[in-house]
Every structure is written in C-alpha cells, then in structure tokens.
Amino acid sequence: MIRKIVLYIALSLTLITVGYFSFIYYVPYSDGVRSGELIKISHKGFIVKTWEGELSQGISGAQIFAFSIMDNETAVIEQLKQNQGKKVTLEYEERYKTFFWWGDTRYFVTKVSLEK
C-alpha cells in the first residue's frame with residue numbers, strides 16, 4: 001500500500017515537472033517586431049554562455065530593448081554581429097519564463113533584417 005502511494009506521488013511529480021518544462025519550452029507568450037539601432041551583441045556567462053543584445057529605440061539610448069538569442073539560431077547571431085551599430089528590425093518571441101541556459105531575458109530574437 002505504501003509503495004503504491006509513493007509510486008503515485010513520484011509519477012505525479014514527474015508528470016508535473018515534464019508538463020511545466022514543456023509548457024515553458026513550446027508555448028510563447030507573445031511575438032512581435034521592434035526596430036532601432038543595434039548597440040550591443042555579446043556572448044556572456046561564466047559556466048553557461050548565452051547570447052545577449054540591446055537595441056536602442058530612442059534618442060540617446062533612452063529606450064533600450066534587451067533581448068536574448070538561442071544558441072541554435074546561428075544565422076541570426078551572425079546577422080546581428082554583421083549589423084552592429086546599424087538600424088535593424090528584429091522579430092522576437094516573448095516567453096512566460098526562461099531557463100538560465102537560454103538567456104537573461106524573456107525576449108528571444110528569431111529573425112533580423114537591415115533597415116534601409
């Protein structure tokens with residue numbers, strides 16, 4: 001009897017944990033587009049390195065949009081490096097939460113285009 005209860009509790013905790021991580025991974029909160037001057041792109045961290053960036057949307061950096069880039073988005077990372085200091089448009093997804101190995105923000109850039 002006790003074994004069954006412990007087994008059900010362990011199974012329930014496992015399902016809840018898997019459900020939580022799946023929700024965070026697969027379900028975005030919102031998506032959108034922002035444009036401005038790309039002022040920062042960096043690969044930072046001590047043990048777990050993440051890609052982080054900043055986009056200036058106002059005069060003299062009054063409005064800064066901080067974002068992260070997933071490691072598997074190599075094309076996006078290269079485009080951001082090449083367009084440092086230029087006016088760009090970023091497409092992004094906002095997540096409910098983030099994991100420390102993903103990045104510092106809840107905003108993840110998925111596409112970059114140079115403004116003309």
Side-chain angles (χ1 to χ4, degrees):
M1 181 72 172
I2 296 285
R3 275 187 165 172
K4 270 189 174 179
I5 293 172
V6 170
L7 182 65
Y8 286 138
I9 290 173
L11 185 60
S12 297
L13 288 175
T14 302
L15 288 175
I16 289 170
T17 302
V18 167
Y20 174 77
F21 281 100
S22 296
F23 180 78
I24 297 300
Y25 187 80
Y26 290 110
V27 180
Y29 177 70
S30 70
D31 55 25
V33 177
R34 296 207 186 194
S35 62
E37 181 183 357
L38 182 62
I39 58 173
K40 176 185 168 190
I41 179 76
S42 64
H43 196 214
K44 66 183 229 175
F46 182 67
I47 295 173
V48 178
K49 293 209 174 271
T50 60
W51 286 97
E52 309 296 330
E54 291 180 352
L55 186 74
S56 174
Q57 295 183 287
I59 298 172
S60 73
Q63 259 188 306
I64 301 292
F65 173 62
F67 59 88
S68 301
I69 310 103
M70 300 286 266
D71 283 334
N72 62 351
E73 298 278 358
T74 55
V76 172
I77 293 167
E78 287 306 314
Q79 285 178 319
L80 288 168
K81 285 181 187 178
Q82 292 171 1
N83 294 317
Q84 175 70 31
K86 297 178 184 172
K87 194 156 171 92
V88 296
T89 299
L90 304 177
E91 291 184 26
Y92 66 91
E93 287 184 344
E94 181 182 6
R95 300 282 180 176
Y96 286 97
K97 298 237 181 232
T98 185
F99 302 118
F100 68 90
W101 61 87
W102 274 4
D104 292 343
T105 71
R106 296 181 315 156
Y107 301 97
F108 294 93
V109 172
T110 56
K111 187 177 177 185
V112 179
S113 56
L114 188 62
E115 287 200 9
K116 297 179 181 180

Subject >> Minimum heavy-atom distance between Arg95 and Pro28, given as atom pair plus value >> reply: NH1-N, 3.9 Å

**OP:** Tell me who clusters with Ile77, hydrophobic residues only, linked when side chains sit under 4.5 Å apart either directly or through other members.
**Re:** Leu38, Ile41, Trp51, Leu55, Phe65, Phe67, Ile69, Val76, Leu80, Val88, Leu90, Tyr92, Tyr107, Val109, Val112, Leu114

**OP:** Would you confirm whether Ser56, through its side chain, and Glu37, through its main-chain N or O, come within 3.5 Å as a donor-acceptor pair?
**Re:** no

Subject >> Fellow cluster residues of Ile24, listed by chain then number, with links counted only when side-chain atoms sit under 4.5 Å apart >> reply: Tyr20, Phe21, Phe23, Tyr25, Tyr26, Val27, Tyr29, Phe46, Ile47, Val48, Met70, Tyr96, Phe99, Phe100, Trp101, Trp102, Phe108

**OP:** Measure across Lys40 and Gln84 and return the closest heavy-atom pair with its distance rounded to 0.1 Å.
**Re:** N-NE2, 3.6 Å

Subject >> ILVMFWY clustering at 4.5 Å (side-chain atoms), partners of Ile5 >> reply: Ile9, Leu13

Original post:
Is Glu91 close to Asp31 at the side-chain level, that is, under 4.5 Å between some pair of heavy atoms?
Top reply: no

Subject >> Side chain proximity check, Lys44 to Asp104, heavy atoms < 4.5 angstrom >> reply: yes

Original post:
More than 12 heavy atoms of other residues, nucleotides or ligands under 6.0 Å from NZ of Lys49: is that the case?
Top reply: yes

Subject >> Closest approach of Thr89 to Ser35 (non-hydrogen atoms, all atoms of both residues) >> reply: OG1-CB, 3.6 Å

